[in-house]
Protein chains: 2
Amino acid sequence: MNQRQTITDGDNSGRPGKSGDGAERHEEIHRSISDAIIEHRLRPGARLREDALAEVFGISRTGIRKILQRLALEQLVTLTPRRGASVTRPTAEEAKDVFDARQMVECGLMPEVARRITDDDLRELLEMARRERQALKSGEQSMAIRLSADFHARLARISGNATLADFVDRLCSRSSLILAVYGNPGHLGCESHDHDDLIGYLEAGNGERAQAFMGRHLKAIEASLSIVEEEAEAPDLHRIFSD
Amino acid sequence: MNQRQTITDGDNSGRPGKSGDGAERHEEIHRSISDAIIEHRLRPGARLREDALAEVFGISRTGIRKILQRLALEQLVTLTPRRGASVTRPTAEEAKDVFDARQMVECGLMPEVARRITDDDLRELLEMARRERQALKSGEQSMAIRLSADFHARLARISGNATLADFVDRLCSRSSLILAVYGNPGHLGCESHDHDDLIGYLEAGNGERAQAFMGRHLKAIEASLSIVEEEAEAPDLHRIFSD
DNA sequence: GGCCACCGACATGTATACAATGTTCGTGCA
DNA sequence: TGCACGAACATTGTATACATGTCGGTGGCC
C-alpha cells in the first residue's frame with residue numbers, strides 16, 4: 001500500500017495540490033485514456049487490461065473499471081464479458097450513422113451558433129484552426145485529428161445547448177476512431193483551410209452559408225474514407241460457408 | 001427477496017453454464033430502475049441508497065454502483081460525491097435544451113422514417129398509440145407517459161440510424177423526468193390523437209408533413225409545461241444574497 | 001501424425017472488509 | 001433559550017480477496 005502511494009505521489013509530483021481527491025484523479029485518467037484513443041496512440045482493437053491500467057495510473061482495478069465502463073458508454077471502448085476491454089473498432093454502418101448524425105446536428109446548429117457567437121469565441125476558434133493547420137503542416141496527424149475534433153466540439157458548444165453539445169462531443173470522438181480505421185494515412189479529409197472559411201461565415205453572421213458549408217465539409221471528410229469491410233476473424237468462415 | 005434469489009440460484013445450479021451470467025440480471029435491474037423513474041414511481045429528488053437497492057435486488061453494492069453510474073451517464077440520476085445518488089431534477093434550462101434537441105433530431109428524422117417505414121412498423125405503432133390512448137383514458141398517467149416515450153423512441157429507431165435513435169431514447173427518458181417536474185398533473189401535453197395523425201402522414205409517405213407535424217407536436221408538449229423555477233433548498237439563498 | 005481433452009495460468013466478475021467523509025443529534029456554554 | 005462544538009452514526013469510496021470463465025499448451029489417444 002505504501003509502495004503504491006509512493007508511486008502515485010511520484011506520478012502526481014507535478015501537481016501536488018489536491019491530488020488526494022479521487023474524483024478529479026479519475027477525471028484525469030479518463031481524459032488520458034480518452035485522448036490516447038482519439039489521438040490514435042491506442043489503435044482500435046487494442047486490448048486494455050485492467051491490471052495494466054491500474055498499475056500505470058497507480059489506482060486499484062475498481063477505479064479503472066469505473067472509467068472503462070464510462071468509456072464503454074461513450075462507445076470509445078468495447079466491453080466484452082469475460083474478455084475485457086478493447087478500443088472500439090467501428091463498423092462501416094456505425095461510421096455512416098455517425099456522419100449522418102453529425103450532418104444533422106452540426107449543420108442544424110450553425111444558425112444558432114452564428115447568432116450567438118462572440119468576439120472571444122471567434123478569437124479562440126481562429127487560434128484552434130491555426131494550431132490545427134500548423135500540426136497538419138508539420139506532419140503531426142494525431143494532434144491534427146484531435147484539434148479538429150476539438151474545433152467541432154467547441155463550435156457546437158457556442159450554441160448554448162449543452163445537451164446537443166455533449167452529443168457532438170461524443171460524435172467527434174467516435175469520428176476520430178472512424179478515421180483511425182477507415183482514414184487514409186497522410187490525408188486527413190479536412191482541407192486545412194475549411195475551418196478558417198467556416199469561421200469567416202460565422203463572423204459575418206451568415207448562419208445559412210455556415211450551415212451549407214458545414215454540410216459540404218462533413219461530406220468531404222466522409223467521402224475521403226475508405227469504407228472497406230475488412231473481414232474480421234470469425235465472421236469470415238460463417239459468411240463463406242453460409243451456402 | 002434474497003430468498004427468492006437463492007432459489008433462482010438453486011435453479012441455475014443444475015446448469016452452471018451461462019445462467020450464472022449476471023450481465024443480463026444487471027440489464028434487468030437497470031431497466032427496473034429506469035422504468036420506475038420514467039413512470040414517475042420514483043420522483044425527481046428521490047434518494048437512491050446503494051444499500052437499499054442492493055438488498056431489494058439481491059445483489060451486492062458493487063453491481064448497484066455500476067448500474068447507478070450508468071444511469072448517471074444517461075442523466076436519469078445525479079451522483080453527488082459522498083452524498084450518493086438521487087433521481088435527477090432537471091433545471092428549466094435543461095428542459096429547454098432537451099426539447100430543442102428533440103425538435104432538431106426527431107423532426108429531422110421524419111423524412112427518412114417516412115421513406116423506410118414498413119407495414120409491420122405501422123401496425124406496431126398503431127398498437128402503441130392505441131394502448132397509449134387507452135391508458136390516458138383510464139387515468140393511468142404514468143403508463144401513458146411511458147408509452148408516449150416508447151412511441152417516439154420506436155419511431156426514431158425506424159430511421160435505421162442507431163446512433164440517433166439511441167440519442168432520441170435518452171431525450172425521451174429525460175423528457176419524462178421533465179414532465180414529472182414541470183408537467184401539469186392530469187394533463188399530459190400530448191393530445192391523444194396526435195400520434196395517430198402522425199402515423200397517418202407516415203403511412204402516406206409524406207415525410208414533409210410528418211416533419212412539420214412532429215414539430216408542432218413537440219412544441220405543444222413543451223408549451224404545456226409550467227416552467228417555474230421552484231427554488232431548491234440551497235440555491236435559494238445564493239440567488240437572494242447574490243447582490 | 002493429427003485431433004481432442006485435460007490442465008494450468010490469467011483475466012475478469014463479484015462480494016466483502018475497511019477507510020474516509022458527510023450528516024445529524026445531543027450537550028454544554030454563553 | 002439559542003448557538004456552537006463534538007461525537008456517534010450512516011453512507012459512500014476504495015482496495016483486496018475469492019470465485020468463475022476463457023485461452024493456450026501439452027499429453028494421450030485414435
Side-chain angles (χ1 to χ4, degrees), chain A residues 1-9 11-12 18-30 33 45-73 77-87 232-234, chain B residues 1-3 5-6 8-30 33 45-73 77-87 232-234:
Chain A
M1 232 178 270
N2 284 332
Q3 283 161 343
R4 184 163 294 130
Q5 283 304 321
T6 307
I7 291 169
T8 302
D9 289 349
D11 287 345
N12 286 338
K18 50 169 75 173
S19 61
D21 190 344
E24 294 188 4
R25 178 97 184 100
H26 281 183
E27 197 69 26
E28 192 183 325
I29 295 171
H30 177 271
I33 301 177
R47 299 275 300 263
L48 299 171
R49 290 197 306 109
E50 296 180 353
D51 278 346
L53 291 172
E55 193 185 0
V56 166
F57 291 109
I59 64 173
S60 80
R61 276 180 51 215
T62 309
I64 293 294
R65 290 175 65 81
K66 190 161 82 173
I67 293 166
L68 248 28
Q69 280 159 25
R70 181 169 159 195
L71 288 166
L73 263 298
V77 315
T78 301
L79 245 45
T80 39
R82 317 272 174 203
R83 293 290 307 275
S86 59
V87 178
E233 322 73 68
Chain B
M1 305 256 175
N2 282 332
Q3 277 149 357
Q5 282 310 311
T6 307
T8 302
D9 288 350
D11 289 344
N12 287 338
S13 63
R15 182 75 192 93
K18 62 175 180 181
S19 57
D21 192 348
E24 293 186 7
R25 177 99 186 98
H26 281 185
E27 198 68 27
E28 193 183 324
I29 295 172
H30 177 271
I33 301 177
R47 298 278 298 259
L48 301 171
R49 290 195 308 107
E50 297 180 352
D51 277 345
L53 291 172
E55 194 185 359
V56 166
F57 291 107
I59 64 173
S60 80
R61 277 179 48 214
T62 309
I64 292 295
R65 292 175 64 82
K66 190 160 83 173
I67 293 166
L68 248 27
Q69 280 158 26
R70 181 169 158 196
L71 287 166
L73 264 296
V77 315
T78 300
L79 246 45
T80 40
R82 318 276 174 199
R83 292 289 307 275
S86 59
V87 179
E233 322 74 68

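Below, all heavy atoms of this structure are taken into account, side chains as well, without hydrogens, waters or symmetry copies. Quick note on labels: first sequence line is chain A, next is B, and so on, each numbered from 1.
- Within the 4.0 Å cut-off from OP1 or OP2 of C/dG13, not a single side-chain nitrogen or oxygen of B/Lys66 is found.
- Side-chain contact check for A/Ile59 versus A/His26: some heavy-atom pair is nearer than 4.5 Å.
- When atom types are taken as modelled, the side chain of B/Arg25 and the backbone of B/Phe57 share a donor-acceptor pair closer than 3.5 angstrom.
- The side chain of A/Thr62 places no N or O atom within less than 4.0 Å of a non-bridging phosphate oxygen (OP1 or OP2) of D/dT14.
- Distance, A/Ile59 CD1 to C/dA19 C1': 17 Å, rounded to whole Å.
- Of all nucleotides listed (D/dG13, D/dA15, C/dT16), D/dG13 comes nearest to the side chain of B/Arg61.
- The CD1 atom of A/Ile64 sits 15 Å away from the C1' atom of D/dT16 (whole-angstrom rounding).
- Following rounding to the nearest Å, A/Arg25 (CZ) and D/dA15 (P) show an atom-to-atom distance of 11 Å.
- Spacing between atom CZ of A/Arg65 and atom C1' of D/dT16 amounts to 13 Å, rounded to whole angstrom units.
- The CZ atom of B/Arg65 lies 12.5 Å from the CD1 atom of B/Ile67; values are rounded to the nearest 0.5 Å.
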Enumerate the protein-to-nucleotides 8-11 of chain C contacts in which both atoms are nitrogen or oxygen and the separation is below 3.5 Å.
| from | atom 1 | to | atom 2 | distance (Å) |
| --- | --- | --- | --- | --- |
| C/dA11 | OP1 | A/Arg49 | NH1 | 3.2 |

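- Counting heavy atoms from C-beta on, the side chains of B/Arg47 and B/Arg83 come closer than 4.5 Å.
- Atom P of nucleotide D/dT12 and atom CG of B/Leu53 are separated by 9 Å, given to the nearest angstrom.
- For the pairing with B/Ile64, the side-chain contact (heavy atoms from CB on, under 4.5 Å) check across B/Asp51, B/Leu48, B/Leu53 returns one residue only, B/Leu53.
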